[in-house]
Amino acid sequence: MSSTAIVGAQWGDEGKGKLIDYLAGHADVVVRAQGGNNAGHTVVVGDNKYTFHLMPSGVLYEGTLNIIGNGVVFDPEGFLHEVDKLKSKNVKISTIKIDERAHMIFPYHKRIDELEEEARKEQEIGTTRRGIGPCYMDKIERSGIRVGELLDLEKLEASIYYQVERKNKLLEKIYNADGFDPKKIFETYCQYSAHLKEYITDTTILLHEALESGKKVLFEGAQGTLLDIDLGTYPYVTSSHPTSAGFCTGAGVGPNSFDEILGVVKAYTTRVGKGPFPTEQDNETGDAIRKKGHEYGSTTGRPRRCGWLDGVMLKYAKRINGLTGISLMLMDVLDQFDEIQICTAYELDGEETSYFPASLSALAKCEPVYEKLKGWKTDITGITKYDDLPEEAKTYIRKVEEIVGIPVKMVSVGPDRNQTIVRETMI
Ligand code: GDP
Ligand code: IMO
Ligand code: MG
């Protein structure tokens with residue numbers, strides 16, 4: 001097995017960081033291909049906890065090559081802050097390369113993100129306010145400024161002056177807000193250029209060489225399937241493609257580059273931000289999940305909305321991504337329940353369906369049909385072998401496999417690297 005794509009199968013925060021870090025111990029290359037520092041990927045190693053936003057989650061292993069691909073929206077300030085934080089912890093970070101085609105986030109993107117959210121009032125999306133949407137807007141509009149321009153300061157200066165003039169008109173006339181000083185932005189980005197030069201290259205060449213020579217490559221998804229701009233719960237989504245197809249355009253590889261496409265699935269469901277959530281438990285059950293799972297955003301600190309596992313959503317995620325297996329995360333959070341529910345279908349307008357609806361208003365009307373399973377009421381955090389799991393936990397896992405129709409290949413029973421049960425070697 002040489003290349004594995006890791007995709008969030010729900011609304012993000014499924015435990016991708018933990019899984020990537022675990023698998024990265026046996027990988028040569030780890031690649032991020034979409035999103036930006038809206039992501040928050042937590043890695044726990046012994047007493048140390050790291051939260052990566054832009055940094056691929058393989059940086060803790062010396063010898064891995066970590067790539068920030070062309071499809072990422074890159075915030076230089078955020079990235080350098082992450083580098084400094086790791087250095088202050090005396091972490092020896094492995095090689096990082098940033099693709100010269102990746103689009104850059106500027107202060108005006110963050111400001112517009114904030115102002116747009118405020119203007120939407122009750123209709124706010126609940127973005128991370130990191131400027132992700134506005135940066136992708138410029139990219140699609142073909143006026144964005146790419147990382148490669150940090151290597152050509154004359155061009156960068158012209159681009160910044162052009163863009164800031166346009167954005168200032170927007171800020172002043174539409175939002176009634178203050179504009180930015182292009183000179184100041186240019187000076188700041190010149191400083192970033194000095195710090196970032198060593199990282200910038202055409203990463204597709206490195207990646208193609210790695211794949212062609214049979215190196216082990218891990219594609220690290222950020223966000224999750226239901227946050228996909230096309231196939232997610234639009235408009236309550238992010239502005240990129242967190243689905244497996246996003247790795248192709250976001251890292252510059254063909255769809256036949258993956259030997260395995262692993263869906264990362266939390267043993268229940270969470271989401272941050274707004275939008276319908278059929279299995280949400282806005283009650284004591286949800287509170288109990290939040291408490292045990294520490295369900296607060298790693299990027300914004302917001303409490304995550306919590307609910308039961310949604311099999312309809314997972315089946316949709318399997319089809320969209322071409323998932324070949326599941327890594328079931330945070331199983332231990334369910335240790336506490338006498339009874340666990342799992343959604344097997346929706347009831348919509350009096351009819352049962354197992355299809356995830358395209359329309360958001362239809363989704364908002366969906367009533368989950370639950371199957372009830374007996375809880376295991378045992379602390380599973382120290383279990384390292386599948387066979388040692390309580391029978392009820394195995395029944396739960398089998399139920400997931402039956403509903404989604406693919407095998408659960410890994411089970412995570414705690415945040416630490418060691419709390420991982422492998423049923424089938426991934427890489
Ligand atoms: P990501 O964005 O998909 O990488 O997920 P986050 O890091 O935002 O959120 C997952 C949270 O669950 C983090 O706090 C992890 O440390 C934690 N975590 C991951 N796997 C497990 C697990 O199996 N059990 C428990 N209790 N926590 C886990
Ligand atoms: P990881 O990689 C969970 C959500 C935001 C908001 C919506 C749009 O840690 O799983 P954006 O700032 O992207 O324009 O916000 O998407 N969102 C995430 N939710 N996990 C994430 O990343 C997310 N990244 C964005 O909360 O609802
Ligand atoms: Mg996260």
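Owing to the predicted nature of the structure, the values given are computational and were not obtained by experimental measurement. Just follow the structure's listing: the first ligand is 1, and inside any ligand the first atom is 1. Numbering starts at 1 and runs along the sequence shown.
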Shortest protein contact, atom 19 (N) of ligand 2 (heavy atom only): Val272 CG2, 3.3 Å
Flag for Asn38-Thr238: side-chain donor and acceptor within less than 3.5 Å: yes
Pair Thr285-Trp308, side-chain donor/acceptor within less than 3.5 Å: no
Tyr236 and ligand 2 - part of the residue with a heavy-atom distance under 4.0 Å: neither
Per-atom contacts, ligand 2 versus Ala39 - under 4.0 Å to a heavy atom: 1 (P), 2 (O), 9 (O), 22 (O)
Salt-bridge present (Arg305, Asp282; N to O < 4.0 Å): no
Ligand 1-proximal atoms of Lys16, by part, heavy-atom distance under 4.0 Å: both
Distance-only donor-acceptor check, side chains Asp138 and His109, under 3.5 Å: yes
Ligand-side contact atoms (ligand 1) for residue partner Ser412, heavy atom cut-off under 4.0 Å: 20 (N), 21 (C), 22 (C), 23 (O)
More than 12 heavy atoms of other groups within 6.0 Å of Glu141 CD: yes
Contacting atoms of ligand 2, where contact means under 4.0 angstrom from a heavy atom of Ala222: 2 (O)
Exercise: do Ser94 and Glu62 side chains pair donor with acceptor under 3.5 Å: no
Donor + acceptor pair across side chains of Gln281, Gln341 (<3.5 Å): no
Which residue and heavy atom of the protein sit nearest atom 12 (O) of ligand 2, plus the separation: Thr128 OG1, 2.5 Å
Gly414, any N or O under 3.5 Å of ligand 1 N or O: yes
Any N/O pair Gly17/ligand 1 closer than 3.5 Å: yes
Derivation and outcome, side-chain contact (heavy atoms from CB on, under 4.5 Å), residues Met55 and Ile96: CA-CA 8 Å; Met55 199 68 88; Ile96 304 167; 3.3 Å; yes
Donor on one side chain, acceptor on other, Asp310 and Tyr346, under 3.5 Å: yes
Identity and separation of the nearest protein heavy atom to atom 10 (C) of ligand 1: Asp13 O, 3.9 Å
Where ligand 1 meets His41 - atom numbers and elements under 4.0 angstrom, heavy-atom basis: 1 (P), 2 (O), 4 (O), 7 (O)
Nearest non-hydrogen protein atom, atom 13 (O) of ligand 2: Thr238 OG1, 2.6 Å
Sidechain N-carboxylate O distance under 4.0 Å for Lys399, Glu371: yes
Closest to atom 8 (C) of ligand 2 among Ile132, Leu226, Val237 (heavy-atom distance): Val237
Part of Leu227 with heavy atoms under 4.0 Å of ligand 2, whether side chain, backbone, both or neither: side chain
Ligand 1 to Met329 polar contact by distance, N or O atoms, under 3.5 Å: no
Protein heavy atom at shortest distance from atom 26 (N) of ligand 1: Asp332 OD2, 2.8 Å
Under 3.5 Å side-chain donor-acceptor pair for Glu116 and Tyr175: yes
Side-chain donor-acceptor pair present, Asn321, Thr225, cut-off under 3.5 Å: yes
Min N/O separation Lys292 to ligand 1 under 3.5 Å: no
Pairing of Arg129 and Glu114 as salt bridge, 4.0 angstrom limit: no
Shortest protein contact, atom 6 (C) of ligand 2 (heavy atom only): Gly126 O, 3.1 Å
Shortest protein heavy-atom distance from atom 3 (C) of ligand 2, along with the residue and atom involved: Asp13 OD2, 3.2 Å
Subset of ligand 1 atoms that lie under 4.0 Å from at least one heavy atom of Arg304: 8 (O), 9 (O)
Nearest-contact summary for atom 7 (O) of ligand 1 - protein heavy atom, Å: Thr42 OG1, 2.5 Å
Numbered atoms of ligand 1 (with element) below 4.0 Å of Gly15, judged on heavy atoms: 1 (P), 3 (O), 4 (O), 5 (O)
Donor + acceptor pair across side chains of Thr381, Asp332 (<3.5 Å): no
NZ/NE/NH1/NH2 to OD/OE distance under 4.0 Å, Arg417 and Asp21: yes
Residues Asp99 and Thr204: side-chain donor-acceptor under 3.5 angstrom: no
side-chain contact (heavy atoms from CB on, under 4.5 Å) evaluation trace for Met104 with Leu150: CA-CA 10 Å; Met104 262 192 295; Leu150 291 175; 3.8 Å; yes
Numbered atoms and elements of ligand 2 in range of Trp11, under 4.0 angstrom, heavy atoms: 3 (C), 19 (N)
Within reach of ligand 2, part of Lys16 (heavy-atom separation under 4.0 Å): side chain
Heavy-atom nearest neighbour in the protein, as seen from atom 15 (O) of ligand 2, with distance rounded to 0.1 Å: Thr127 CA, 3.3 Å
Residue part near ligand 2, for Arg302, under 4.0 Å between non-hydrogen atoms: side chain
Best match, Arg32, Gln223, Glu14: closest heavy atom to atom 21 (C) of ligand 2: Gln223
Presence of N, O or S from Lys16 under 2.8 Å of the Mg ion (ligand 3): no
Heteroatom proximity flag, Gly12 to ligand 1, N/O under 3.5 Å: no
Atom indices of ligand 2 within 4.0 angstrom of Gly273 heavy atoms, with elements: 27 (O)
Sub-4.0 Å heavy-atom contact, Gly8 with ligand 2: no
Atom 2 (O) of ligand 1 [closest protein heavy-atom partner, distance rounded to 0.1 Å]: Gly40 O, 2.9 Å
Asp13 OD1 and Gly40 O subtending at the Mg ion (ligand 3) (10° steps): 170°
Distance-only donor-acceptor check, side chains Glu295 and Tyr268, under 3.5 Å: yes
Which residue and heavy atom of the protein sit nearest atom 27 (N) of ligand 1, plus the separation: Leu330 CD2, 3.3 Å
Salt-bridge criterion met for Lys394 and Glu401 (N-O under 4.0 Å): no
Ligand 1 contact on Thr51 by region, counting heavy-atom pairs under 4.0 Å: neither
Candidate pair Val164 and Phe106, rule side-chain contact (heavy atoms from CB on, under 4.5 Å), full reasoning: CA-CA 10 Å; Val164 172; Phe106 284 85; over 6 Å; no
Aromatic centroids of Trp11 and Phe277 separated by under 6.0 Å: yes
Any N/O pair Gly12/ligand 2 closer than 3.5 Å: no
Distance filter under 4.0 Å to His41 heavy atoms, resulting ligand 2 atoms: 1 (P), 2 (O), 9 (O)
Under-4.0 Å heavy-atom contact with ligand 2, by part of Thr300 that carries it: neither
